[in-house]
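Worksheet for the structure shown next.
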Amino acid sequence: MDAPLALYRRYRPETFVEVLGQDHVTVPLRQALAANRVHHAYLFSGPRGCGKTSSARILARALNCEQAPLAEPCGCCQSCRDLARDGAGSLDVIEIDAASHGGVDDARDLRERASFAPMSSRYKIYIVDEAHMVTTQGFNALLKVVEEPPPHVKFIFATTEPDRVLPTIRSRTHHYPFRLLPPRMLTDYLAEICAHEQIAVEPTALPLVVRAGGGSARDTLSVLDQLIGGADDAGLTYALAAGLLGFTPASLLDEVVDAFAAGDGGTVFRVVDKVVEGGRDPRRFVEDLLSRLRDLIVLGHLPGAAGDGLLDVSPEQGQRLAGQAARFGAADLVRAAEVVSTALGEIRGATAPRLLLELMCARVLLPGADDSLEGVQARLARLERRLEITGQPAPAPPDRQPAPRSADPPSVPDPAPAPGAAVEPASERTAQPASVPEPAADQAAGRSLGLVDVRRAWPDLLERAASVRRLAWSLLSKSAQAHSLDGRTLTVAFVNAGSRDSFARNGCEEVLRQVLIDVLGVDWRVESIVDPTADSSTGVPPPPPAEPTAAAPRPERGQSAAEPATANQATAEHGGPDINDPDADDQGDGTHELLTRELGAQVIEEIPHRP
Ligand SMILES: [Zn+2]
């Protein structure tokens with residue numbers, strides 16, 4: 001049994017209606033044919049594989065159809081049958097490949113033969129493919145006959161580079177520019193073909209095929225052909241397409257984008273390692289990452305883009321992307337895309353692509369270190385968000401910009417006790433900061449946030465959680481409460497074990513962590529516990545009356561030389577019970593909570609009392 005013909009040959013269009021995505025060309029051509037106003041020379045230009053030669057053949061077929069003038073070839077007469085896909089061909093339709101026959105001798109030969117009448121049809125039609133390959137002398141030899149051909153001769157030039165066709169020739173033709181095909185149209189077309197060929201195909205695989213085809217119908221069909229050839233009983237799967245075409249799997253992109261949004265450098269560099277060790281092309285990875293960031297930017301402006309067909313993604317992936325877009329700020333996204341785009345330029349032909357890839361990731365991870373306008377905007381957006389929530393900007397050391405997100409691993413020690421507190425024996429278990437000369441950037445930002453702030457921001461946190469993951473929102477809003485904040489660990493209490501387990505098992509802790517990054521600009525660990533007394537309704541305290549505390553001078557603090565003023569200050573700025581603070585334990589969480597909840601109180605200062 002013979003192998004079947006290539007798809008692009010089997011599906012080559014035979015009428016203008018079948019030509020995909022070139023209506024701006026085919027509609028006027030059909031008009032001209034129907035009205036018998038066909039010019040004697042045409043120039044079809046456009047990228048490869050988008051229907052130029054096919055359209056030239058259809059035009060020739062329609063011109064020589066016995067039923068002409070007609071908008072489309074009738075398909076039944078002898079001429080139409082000869083010129084069909086599997087027809088015998090016609091001596092009166094002459095296809096010339098100028099790449100091999102573009103010399104002056106060929107042109108002279110053509111000129112002489114053109115003077116003879118057609119054998120059996122109305123017209124003698126020359127289809128000159130790759131017309132830009134005709135030499136200047138060749139064009140000059142043709143000039144006369146193209147300008148004033150005998151009435152039975154028509155010329156159709158097809159070229160990918162109309163600018164290289166001699167202007168004197170070009171000016172004597174009607175020029176029809178063909179275009180690349182839009183991806184959505186091609187995706188639909190591929191789905192039709194697969195259905196017709198009875199091939200099972202995963203819908204997510206088709207956009208990959210379309211991307212590999214680069215907008216050319218012929219190339220796209222060739223890619224599809226290759227994939228179908230390699231498909232097993234499962235049909236054309238996403239994994240097969242991504243593997244064979246060398247695309248970065250969506251899961252790897254999800255991983256790296258999530259890590260970027262969280263400022264999780266460790267994961268980012270592990271992904272880079274996976275890319276390189278997995279034998280993937282770093283360039284392709286950067287391209288795919290840029291394309292993902294573009295999708296996120298579009299989603300940021302147009303949340304319904306996935307459903308609109310503006311993005312080539314499945315509904316599930318669309319939801320995932322919406323979550324990612326929400327986690328990134330708009331300025332962050334644009335800045336990241338610019339960093340990646342610059343890297344894409346540098347990585348071409350680079351001898352050490354891995355190094356460039358890693359440096360690119362480092363740049364994306366460090367908006368705080370970026371003094372460009374976009375970097376500053378990204379930081380400003382975060383500060384504004386903080387300001388809205390806490391009513392006060394994050395205090396910044398005079399010589400440092402607070403960077404809400406940092407590439408530092410989350411192992412940075414507890415910011416609550418400042419270095420001075422190390423002398424106090426009671427704080428010994430959290431005394432490591434003494435050995436850290438400079439607080440990490442996000443510590444600077446996180447210092448003023450306490451449990452009360454978290455609770456006050458709870459509605460915002462819930463709202464954001466709802467947009468990221470419905471399940472997390474549902475569990476948090478129905479049965480959870482912000483329980484305690486221990487340095488960089490926020491504990492959430494659930495009223496029952498079922499909700500807690502569901503929360504932990506479904507990755508909602510990570511969702512909440514992301515939400516905290518987004519809304520409060522803090523990268524805290526999230527833990528969940530079961531506390532039957534937790535009441536989710538108290539998660540939202542009544543808004544506090546005024547906010548005099550932030551700006552009010554702290555009276556008398558530091559009067560006693562023995563007093564660990566900095567530790568108190570840290571506690572005070574937290575505005576809530578800090579369970580690192582042994583004094584707070586003495587007072588009992590209940591008192592604080594009661595005062596906060598019922599009276600909107602905020603701790604200004606705590607006077608430590610020693611035994
Ligand atoms: Zn016909």
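Keep in mind that the numbers below use all heavy atoms, side chains included, and drop hydrogens, waters and symmetry copies. One is the number of the first residue; the rest follow in order along the sequence. All ligand and atom numbering here is 1-based and tracks the order in the structure.
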Verdict with reasoning, F44 to T159, per side-chain contact (heavy atoms from CB on, under 4.5 Å): CA-CA 6 Å; F44 290 172; T159 179; over 6 Å; no
Y176-Y42 aromatic ring centre distance below 6.0 Å: yes
Which donor-acceptor pairs under 3.5 Å do side chains of residues 198-217 form with protein atoms, sequence neighbours excluded?
from	atom 1	to	atom 2	distance (Å)
E202	OE1	Y238	N	2.8
R211	NH2	D288	OD1	2.5
S216	OG	R48	O	3.2
S216	OG	G49	O	3.3
S216	OG	R218	N	3.4
S216	OG	D219	N	3.1

Pairwise distance CE(M360) to CG(L365) - rounded to 0.5 angstrom: 9.5 Å
K274 vs E255, side-chain contact (heavy atoms from CB on, under 4.5 Å): CA-CA, chis, key distance, verdict: CA-CA 11 Å; K274 268 190 231 172; E255 206 175 327; 3.0 Å; yes
Number of protein N/O/S atoms that sit closer than 2.8 Å to the Zn ion (ligand 1): 4
Ion pair R57/E14, N-O distance below 4.0 Å: no
